[in-house]
Enquirer: 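I have a structure I would like to understand better, so I am pasting it below and will then ask my questions one at a time.
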Amino acid sequence: MPELPEVETVRRGLEPTMEGAKVLKVETRRANLRFPFPERFAETLEGRTIVSLGRRAKYLLLYLDQGPPLICHLGMSGAFRVQTEDESLTPGLFHHPRSKLEAHDHVVFHLLCRDDVTRRVIFNDPRRFGFMLFATEVPAIHPMLDGLGVEPTGNALDGAMLATLFKGKQTPLKAALLDQTLIAGLGNIYVSEALWRAGLSPRRAAGTIAPAKGQSSLRADRLATAVRSVIADAIEAGGSSLRDYRQADGSEGNFQHRFSVYDREGEPCPKPTCRGVITRIVQSGRSTFYCPVCQR
DNA sequence: CCGATTACCTGCACGC
DNA sequence: TGCGTGCAGGTAATCG
């Protein structure tokens, strides 16, 4: 489900509830998600105060007043929702620990929030590709985070850096952009969108965006700009809501209405002067959407 | 080492 | 209505 913009939206959505909250109790309703929960998962969290919420690529980080941060990954279908005690508990079931839980609610955090109200933050993940692990150090060192590439937020990623990262690579641009060790946070949707904005074919060999000797790095510059802009636009729109994905407050993101090519097979290319038709191809087992006319 | 494929899981849309 | 098939935003293990 969530690529970087969705995880950032989740982080911002949870922040008012979780930042400064004390963890009263943690329930896990099965032994594992993608991986087993860490040893003493609940006990380690209970009694702690959540100092702040961070994000690295598609990883959500809960910084605690003591001990290493909790690393959360939403996988394909993970989502958080917040319940306030008053509205969540059915009369007659007051304080019943299982009230209002739904299928695939795997983790329940009982929190005493800064405003002195008790709330529950519930992690739901039908496919269970998500996971929760403790970092081994503060701020957030973990094998899972080692080797992650540059964030496509901010200004660090520019044409020169992209050209260097992709230099000599024969692999298609689609695969190179999905490689989290190069750029961290892009997923299947935003790779298609960024390549359309850049006017570059997903099939083009990644190494060929580098400028020839003495030439300007036009392609690399265009691609870097496209990646940064699509990520920034998607964050600003609150991410994309597909299928069952919702923001933590229950509202939907808006960016799915602004897809130029993703899931638009057969539609005309939205580029004003282009007569192309959006085409779906499969690359390394996953759908890519692009316009074969204006993306070269 | 590299890149491509498969596995992990459930739900849903679709065709018959 | 039911059943089989394919597909879905993730990463990691395996294969050549």
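Here is the naming used below: chain letters follow the sequence lines, and residue numbers restart at 1 for every chain.
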Enquirer: Rounded to the nearest Å, what distance is computed from the CG atom of residue D105(A) to the P atom of nucleotide dT10(B)?
Expert: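 Atom CG in D105(A) sits about 15 Å away from atom P in dT10(B).
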Enquirer: Enter the distance from L145(A):CG to L133(A):CG here, rounded to the nearest 0.5 Å.
Expert: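 One gets 9.5 Å once the value is rounded to the nearest 0.5 Å.
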Enquirer: Is the shortest distance from a Lys or Arg side-chain nitrogen in D233(A) or R197(A) to a carboxylate oxygen in the other one below 4.0 Å?
Expert: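 Looking at D233(A) and R197(A), the cut-off is met.
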Enquirer: OP1 or OP2 of dC8(B) versus the side-chain N and O atoms of R128(A): is any pair under 4.0 Å?
Expert: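 For R128(A), the contact criterion (side-chain N or O under 4.0 Å from OP1 or OP2 of dC8(B)) is not met.
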Enquirer: To the nearest Å, how far apart are F123(A) CZ and dG10(C) P?
Expert: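 Spelled out: CZ on F123(A) to P on dG10(C) is 15 Å.
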Enquirer: With a 4.0 Å limit, can you tell me whether H104(A) has a side-chain N or O closer than that to the phosphate oxygens OP1/OP2 of dG11(B)?
Expert: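 H104(A) to dG11(B) OP1/OP2: side-chain N or O found under 4.0 Å.
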Enquirer: Ignoring backbone atoms, establish whether K58(A) has a side-chain N or O less than 4.0 Å from OP1 or OP2 of dT11(C).
Expert: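 Checking dT11(C) against K58(A), a side-chain N or O does come within under 4.0 Å of OP1 or OP2.
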Enquirer: Under 4.5 Å between side-chain heavy atoms, hopping through other hydrophobics if needed: is there a path connecting L112(A) to V121(A)?
Expert: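 No.
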Enquirer: Counting side-chain heavy atoms from C-beta on, which of dG9(C), dG11(B), dT11(C) comes nearest to Y262(A)?
Expert: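 Out of dG9(C), dG11(B), dT11(C), the nucleotide with an atom closest to Y262(A)'s side chain is dG9(C).
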Enquirer: Parallel, tilted or perpendicular: which fits the ring planes of Y190(A) and F255(A), with parallel below 30° and perpendicular above 60°?
Expert: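 Plane angle between 30° and 60°, so tilted.
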Enquirer: Using the P atoms only, state how far dC3(C) lies from dC9(B), rounded to an integer number of Å.
Expert: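 dC9(B) and dC3(C) have their P atoms separated by 23 Å.
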Enquirer: Could you list the protein-to-nucleotides 2-6 of chain B atom pairs, N/O on both sides, closer than 3.5 Å?
Expert:
{"from": "dA4(B)", "atom 1": "OP2", "to": "T171(A)", "atom 2": "OG1", "distance (Å)": "3.1"}

Enquirer: Between C1' on dT11(C) and CG on D125(A), what's the gap in Å once rounded to a whole number?
Expert: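 Rounded to whole Å, this separation is 13 Å.
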Enquirer: Give every pair of a protein N or O atom and an N or O atom of nucleotides 12-16 of chain C that lie under 3.5 Å apart, one pair per line with the distance.
Expert:
{"from": "dA12(C)", "atom 1": "O4'", "to": "R34(A)", "atom 2": "NH2", "distance (Å)": "3.0"}

Enquirer: E102(A) has an atom CD; how far is it from atom C1' of dG11(B), in whole Å?
Expert: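 One finds 15 Å between C1' of dG11(B) and CD of E102(A), rounded.
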Enquirer: Using the C1' atom as the reference point in each nucleotide, state the distance between dC12(B) and dT11(C) in Å, no decimals.
Expert: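 To the nearest whole Å, 23 Å.
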Enquirer: Just the rounded figure in Å: distance from C1' of dT11(C) to CG of L186(A).
Expert: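 Distance, rounded to whole Å: 15 Å.
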Enquirer: For DNA chain C, just give me the dot-bracket, please: Watson-Crick or G-U, both distances below 3.5 Å, ( ) intra-strand, [ ] crossing earlier pairs, | paired with another strand, . unpaired.
Expert: .|||||||.|||||||
Enquirer: Give a yes or no on this: more than 12 heavy atoms of other residues, nucleotides or ligands lie within 6.0 Å of atom CD of E39(A).
Expert: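 Atom CD in E39(A) is not crowded, with 12 or fewer foreign heavy atoms closer than 6.0 Å.
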Enquirer: Under a 3.5 Å distance rule, please check whether R114(A) uses its side chain to pair with a backbone N or O of E19(A) as donor and acceptor.
Expert: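 Side chain of R114(A) to backbone of E19(A): a pair is present.
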Enquirer: Within less than 4.0 Å of OP1 or OP2 of dA8(C), is there a side-chain N or O belonging to S287(A)?
Expert: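 Checking dA8(C) against S287(A), a side-chain N or O does come within under 4.0 Å of OP1 or OP2.
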Enquirer: State which of dG10(C), dC7(C), dT10(B) makes the closest approach to the side chain of R127(A).
Expert: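 Within the option list, the nearest is dT10(B).
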Enquirer: Would you say E267(A) has more than 12 foreign heavy atoms packed within less than 6.0 Å of its CD?
Expert: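 Yes, because the 6.0 Å sphere around CD of E267(A) holds more than 12 heavy atoms from other groups.
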Enquirer: Can you tell me which residue among F129(A), F131(A), F134(A), F41(A) is in a ring-ring contact (aromatic ring centres under 6.0 Å, His included) with F35(A)?
Expert: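 It is F131(A), the one option of F129(A), F131(A), F134(A), F41(A) that forms the ring-ring contact (aromatic ring centres under 6.0 Å, His included) with F35(A).
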Enquirer: Starting from I189(A), can I reach I281(A) by hopping between I/L/V/M/F/W/Y residues whose side chains sit under 4.5 Å apart?
Expert: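 As far as the 4.5 Å side-chain criterion goes, I189(A) and I281(A) are not connected within one cluster.
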Enquirer: State whether the side chain of Q180(A) and the backbone N or O of L178(A) hold a donor-acceptor pair below 3.5 Å, judged by distance alone.
Expert: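 Indeed, once roles are kept as given, a pair shorter than 3.5 Å links the two residues.
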Enquirer: Charged N to carboxylate O below 4.0 Å: is that the case for R34(A) and D125(A)?
Expert: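 Result for this pair is no, no salt bridge flagged.
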Enquirer: Looking at dC8(B) and F129(A): do their rings stack (centroid distance under 5.5 Å, interplanar angle under 30°)?
Expert: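 Yes, aromatic ring over the base.
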Enquirer: Rounded to the nearest Å, what distance is computed from the CG atom of residue L60(A) to the C1' atom of nucleotide dG10(C)?
Expert: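 It works out to 15 Å between those atoms.
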Enquirer: When rounded to the nearest Å, what value does the distance between C1' atoms of dG11(B) and dA12(C) take?
Expert: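 So the two C1' atoms sit 23 Å from each other.
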Enquirer: One thing to verify: whether E8(A) and R55(A) come together as a salt bridge, which I'm taking to mean a side-chain N less than 4.0 angstrom from a carboxylate O.
Expert: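 Yes, charged N to carboxylate O under 4.0 Å.
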Enquirer: CG of N124(A) versus C1' of dT10(B): gap in Å, rounded?
Expert: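 Checked: the CG to C1' distance equals 11 Å.
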Enquirer: What is the distance, to the nearest angstrom, from the CG atom on L178(A) to the P atom on dT11(C)?
Expert: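 Interatomic distance, CG of L178(A) to P of dT11(C): 8 Å.
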Enquirer: Distance between the P atoms of dG3(B) and dG9(C), in whole angstroms?
Expert: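 It works out to 22 Å between them.
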Enquirer: Under 4.5 Å between any side-chain heavy atoms of V23(A) and T49(A), yes or no?
Expert: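 V23(A) vs T49(A): side chains apart.
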